[in-house]
Amino acid sequence: EIFEWNQYEKYVNVKENDLVLDLGCSKGYFFLKHKEKNIKYIGVDGSIDCLSDFIENLNGDEQPTLIHALIGDNKSVQTFASMFHNNKLQRSMSMTFSDIIKLINRPIDFLKFDIEGYEKIFLDTDYNLFKSNIRKFSGEFHFCGNHFPRNHGYEVLKKIIIDPDMSVKLFSIDGIDITDYFWTNPDFYTEIIISGFISKNMTK
């Protein structure tokens with residue numbers, strides 16, 4: 001997905017010295033792809049096993065900041081099955097999007113996200129916070145599950161697309177541009193990539 005399909009960077013790209021926030025960083029592939037760009041990187045994942053794999057993939061001189069947490073709409077401790085480790089049950093605390101923004105305390109140049117439906121927290125509930133603190137973004141947008149019911153997903157997606165501060169393109173999971181024809185058959189997709197930039201924040 002990251003190396004062969006380049007699914008997250010068909011429209012916006014990570015640049016030299018960018019601050020990258022990676023929600024759902026998994027085993028660190030997005031960091032490994034861009035580590036030579038002198039990026040400042042913060043990876044967040046709920047799976048301690050994924051973060052352990054991430055650390056094992058490092059050469060030893062690399063210093064990404066890693067946070068063991070889920071993204072949620074409140075603070076809690078949750079149990080979930082890790083899809084990358086034979087659905088092994090894991091426990092993790094949750095952080096809100098607001099928590100992370102306060103912790104970083106500066107504009108985020110590139111937000112990458114793959115958090116299985118919880119993207120609705122900043123694309124809907126915390127939309128103004130998202131718009132105020134993000135320059136470029138790219139991630140999975142889900143239309144199934146309790147976290148992002150399909151009809152609600154359509155409403156949020158339309159809000160983003162018509163926002164005059166946004167420039168957005170839509171892609172299939174394998175990186176095909178579907179911006180012009182997504183709405184002809186939106187029910188075909190269970191998830192897509194939404195990628196773009198917030199024009200009022202693009203000062204560099």
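Numbers here simply count residues along the sequence, with the first being 1.
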[X] [atom1] to [Y] [atom2] distance, which is reported to the nearest 0.5 Å:
| X | Y | atom1 | atom2 | value |
| --- | --- | --- | --- | --- |
| Ser94 | Asn74 | OG | CG | 5.5 Å |
| Phe97 | Leu111 | CZ | CG | 6.0 Å |
| Phe137 | Phe130 | CZ | CZ | 4.5 Å |
| Arg91 | Gln78 | CZ | CD | 10.0 Å |
| Ile108 | Leu21 | CD1 | CG | 4.5 Å |
| Ile67 | Met93 | CD1 | CE | 7.5 Å |

Donor-acceptor contact below 3.5 Å, side chain [X] vs main chain [Y]:
| X | Y | value |
| --- | --- | --- |
| Ser47 | Ser26 | no |
| Asp165 | Ile198 | no |
| Asp99 | Thr96 | yes |
| Ser138 | Glu9 | no |
| Glu140 | Asp114 | no |

Residues which pass side-chain contact (heavy atoms from CB on, under 4.5 Å) with [X], listed by chain and number, not counting sequence neighbours:
| X | answer |
| --- | --- |
| Ser132 | none |
| Ile162 | none |
| Lys15 | Asn13, Asp18, Lys136 |
| Ile55 | Leu66 |

Can you name the nearest heavy-atom pair linking [X] to [Y], along with the distance?
| X | Y | answer |
| --- | --- | --- |
| Asp45 | Cys50 | OD1-CB, 4.0 Å |
| Glu62 | Asn59 | OE1-N, 3.0 Å |
| Pro164 | Ser199 | O-OG, 4.1 Å |
| Gly46 | Ser92 | O-CB, 3.4 Å |

For residues [X] and [Y], determine if any side-chain heavy atom of one lies less than 4.5 Å from a side-chain heavy atom of the other.
| X | Y | answer |
| --- | --- | --- |
| Ile192 | Leu157 | yes |
| Asp126 | Ile101 | no |
| Ile104 | Leu19 | yes |
| Phe122 | Lys131 | no |
| Lys33 | Val14 | no |
| Ile173 | Ile193 | yes |
| Phe54 | Pro64 | yes |
| Asp163 | Tyr127 | yes |

Problem set entry | Co-members of the apolar cluster containing Leu70 [side chain, <4.5 Å] | Phe80
Exercise. What pairs of residues pass the side chain to side chain donor-acceptor pair (under 3.5 Å) test when at least one of them lies in residues 180-190, not counting sequence neighbours?
Worked result: Tyr154-Asp187
Exercise. Is it true that the NZ or CZ of Lys10 lies under 6.0 Å from the centre of Phe171's six-membered ring and within 45 degrees of the ring axis?
Worked result: no
Exercise. Pick one: which of Arg150, Glu119, Lys120 meets side chain to side chain donor-acceptor pair (under 3.5 Å) with His142?
Worked result: Glu119
I'd like to check the side chain to side chain donor-acceptor pair (under 3.5 Å) partners of [X]; sequence neighbours left out, ordered by chain and number.
| X | result |
| --- | --- |
| Thr125 | none |
| Ser52 | none |
| Thr179 | Asp177 |

List for me each residue that meets salt bridge (charged side-chain N to carboxylate O under 4.0 Å, His left out) alongside [X], sequence neighbours excluded, and say none if there are none.
| X | value |
| --- | --- |
| Asp124 | Lys159 |
| Lys88 | Asp49 |
| Lys27 | Asp53 |

For this session: Please confirm whether Phe110 and Phe30 have ring centers closer than 6.0 angstrom.
Result: yes
Exercise. Are the aromatic ring centres of Phe141 and Phe182 under 6.0 angstrom apart?
Worked result: no
Exercise. Does a side chain donor of either His68 or Gln90 reach within less than 3.5 Å of an acceptor in the other side chain?
Worked result: no
